[in-house]
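Just so it is clear, the model here is predicted, and its values are computed rather than measured. No hydrogens, no waters, no symmetry mates; every other heavy atom, side chains included, goes into these values.
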Amino acid sequence: MAKRKPVKARPWTWVWATVVMTVVCGGPMALLGWGAMAWSEMGEAKPADCAEVMTFARGTLPADARDARCTLAHFQDTLVEAEFRMDRAGAAAWLTVTYPAGEPSSCEEDVCVRASYDEALFVDVTIAYEDGDTALVRVEAFDL
């Protein structure tokens with residue numbers, strides 16, 4: 001009976017075995033790490049286009065708006081915020097035209113209004129009269 005020589009593993013066999021083990025063990029770990037990072041950023045406010053923010057809030061920026069800053073946050077619901085300055089004289093008129101169904105609410109600012117759309121979208125508008133002829137307007141809208 002003839003003796004058989006032991007079978008030698010080819011060098012590429014070890015390379016492919018290492019690749020397969022890395023994918024089998026490292027893949028789920030990488031997916032878990034990616035999921036944790038994505039989950040931690042969820043609901044975080046990020047800068048957004050003010051035109052889109054105001055469209056969501058069922059309004060428009062006034063023509064004399066300046067220093068506009070807008071953010072958007074998503075998780076189970078959407079929260080948008082817009083903040084801008086405008087001429088003090090036109091602030092009340094803009095508010096009346098933009099949110100005619102808004103009802104006065106109490107707050108620490110000069111003017112506060114809450115508008116509700118189909119009990120699914122709520123818009124809070126506050127106006128703070130600053131020094132001179134300027135008004136700081138904040139619009140916050142969220143849906144359920």
Sub-4.5 Å side-chain heavy-atom contact between [X] and [Y]:
{"X": "L121", "Y": "F142", "value": "no"}
{"X": "K46", "Y": "L72", "value": "no"}
{"X": "E83", "Y": "L136", "value": "yes"}
{"X": "V125", "Y": "L95", "value": "yes"}

State whether the side chain of [X] and the backbone N or O of [Y] hold a donor-acceptor pair below 3.5 Å, judged by distance alone.
{"X": "T78", "Y": "H74", "answer": "no"}
{"X": "D64", "Y": "D87", "answer": "yes"}
{"X": "W94", "Y": "T60", "answer": "yes"}

- Query: So, for A45 and T71, which heavy atoms are closest and what is the spacing to 0.1 Å?
  - Reply: CB-CB, 4.2 Å

- Task: Would you name the heavy atoms of A141 and A57 that are closest together and state the gap between them?
- Result: CB-CB, 3.7 Å

- Task: Apply side chain to side chain contact (heavy atoms under 4.5 Å, CB included) to F122 and L144, showing your working.
- Result: CA-CA 9 Å; F122 298 92; L144 302 177; 3.6 Å; yes

- Message: Measuring from atom CD of E109 to atom OH of Y129, what distance do you get when rounded to the nearest 0.5 angstrom?
- Response: 11.0 Å

- When you check the gap from the basic side-chain N to the acidic O, do R114 and E103 get nearer than 4.0 Å? no

- Item | Salt-bridge present (E130, R88; N to O < 4.0 Å) | no

- Task: Please assess M86 against D67 for the test side chain to side chain contact (heavy atoms under 4.5 Å, CB included), listing each intermediate value before the final yes or no.
- Result: CA-CA 9 Å; M86 65 182 297; D67 302 330; over 6 Å; no

- The side chain to side chain contact (heavy atoms under 4.5 Å, CB included) partner of I127 among V139, V111, V113, D110 is V111

- Task: Cation-pi check, R69 to F84: give yes when NZ or CZ is under 6.0 Å from the six-membered ring centre and within 45° of the ring axis, no otherwise.
- Result: no

- Query: Just wondering, more than 12 heavy atoms not from D133 lying within 6.0 Å of its CG?
  - Reply: no

- Would you kindly confirm whether M54 and V97 end up in one hydrophobic cluster when ILVMFWY residues are joined by side chain heavy atoms under 4.5 Å apart? no

- Task: For the pair T126 and V137, evaluate side chain to side chain contact (heavy atoms under 4.5 Å, CB included) and give the outcome as yes or no after the intermediate values.
- Result: CA-CA 6 Å; T126 60; V137 180; over 6 Å; no

